[in-house]
Amino acid sequence: MFKFLKRKPKNEDSPAFRLEMAKKLNGKHIRYVVERVDNEDIIIGRAGGLNIKEDEFLVFSSGLVIFRAKIEDMKASELMSGNGVILTAHDLENGGKLRSVIAHYTYYNK
């Protein structure tokens, strides 16, 4: 009835918060994805989307899955501009290596 009164988890490390963020990001279209390596942003993919598949979060870009992580282990925080999201987790697509990628939304997702 009063959806605005629904409490949202505030602890960013809680599984409930991480699942809520994943659901919020699910289906967003992205313009490009970058990874910061040695203080330099490297574009690792162009055009794609953010999706949930079972208990994993996937970043599709350039026709490939370039980042795949368990939702319960992934930290997600939106950029202050609201134009993208920083995803940090052990990337299952790249041997479980801890990675941080920044996915920039397409302009019409605002």
Side-chain angles (χ1 to χ4, degrees):
M1 183 170 160
F2 294 102
K3 289 184 181 181
F4 64 90
L5 293 177
K6 185 177 178 184
R7 290 183 50 122
K8 293 183 180 180
K10 293 183 181 185
N11 180 1
E12 292 184 9
D13 293 327
S14 73
F17 181 85
R18 291 178 181 196
L19 180 59
E20 184 178 310
M21 275 300 287
K23 286 179 180 178
K24 179 180 177 183
L25 298 171
N26 186 36
K28 293 242 185 208
H29 297 276
I30 52 176
R31 187 172 38 174
Y32 61 95
V33 181
V34 299
E35 181 175 20
R36 180 159 287 175
V37 178
D38 298 328
N39 291 325
E40 186 176 335
D41 287 342
I42 299 170
I43 296 175
I44 58 174
R46 295 186 185 274
L50 306 174
N51 294 299
I52 293 175
K53 183 177 181 184
E54 297 174 10
D55 65 338
E56 295 180 344
F57 193 81
L58 303 140
V59 178
F60 288 102
S61 188
S62 297
L64 303 168
V65 176
I66 58 171
F67 183 82
R68 181 170 58 97
K70 295 282 186 187
I71 293 172
E72 62 196 29
D73 298 329
M74 182 183 72
K75 287 189 177 185
S77 55
E78 290 193 292
L79 299 176
M80 289 181 69
S81 65
N83 294 333
V85 64
I86 302 168
L87 304 169
T88 304
H90 291 280
D91 185 4
L92 303 174
E93 201 65 25
N94 290 293
K97 175 182 165 187
L98 183 64
R99 292 176 74 195
S100 287
V101 298
I102 304 168
H104 295 269
Y105 307 140
T106 54
Y107 69 92
Y108 53 83
N109 274 333
K110 292 182 182 179

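FYI, the numbering just counts along the sequence from 1.
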Inset, instruction - Give the minimum heavy-atom separation between A69 and M74, together with the two atoms involved. - result: CB-CB, 4.5 Å
Legend entry - Contact summary for L50 and A103, nearest pair of heavy atoms: CD2-CB, 4.2 Å
Legend entry - E78: partners by salt bridge (Lys or Arg N to Asp or Glu O under 4.0 Å), with sequence neighbours left out: K24
Inset, instruction - Search all heavy atoms of S100 against all heavy atoms of T88 and return the closest pair with its distance. - result: OG-OG1, 2.7 Å
Legend entry - Euclidean distance, N26 CG relative to L58 CG, rounded to 0.5 Å: 9.5 Å
Inset, instruction - Spell out, as yes or no, whether a donor-acceptor pair under 3.5 Å connects the side chain of S62 to the backbone of R46. - result: yes
Inset, instruction - Can you measure from CG (L25) to CD1 (I30) and round to the nearest 0.5 angstrom? - result: 10.5 Å
Legend entry - Exercise: identify the closest heavy-atom pair between R68 and V65: CB-CG1, 4.1 Å
Legend entry - Heavy-atom donor-acceptor pair, R18 side chain to E72 backbone, under 3.5 Å: yes
Legend entry - Straight-line distance of L87 CG to D91 CG, nearest 0.5 Å: 10.0 Å
Inset, instruction - Working to the nearest 0.5 Å, report the span between OH of Y32 and CD1 of I44. - result: 12.5 Å
Legend entry - Check: V101 and I66 side chains under 4.5 Å, non-hydrogen atoms: no
Inset, instruction - From the options V85, I43, V34, V33, select the one residue that forms a side chain to side chain contact (heavy atoms under 4.5 Å, CB included) with H104. - result: V34
Inset, instruction - Hey, could you give me the CG/CZ distance between N51 and F57, rounded to the nearest 0.5 Å? - result: 7.5 Å
Legend entry - Non-neighbouring partners of D55 that pass side-chain contact (heavy atoms from CB on, under 4.5 Å), sequence neighbours left out: K70
Legend entry - Shortest non-hydrogen contact between A22 and I71, atoms and distance: CB-CG2, 3.9 Å
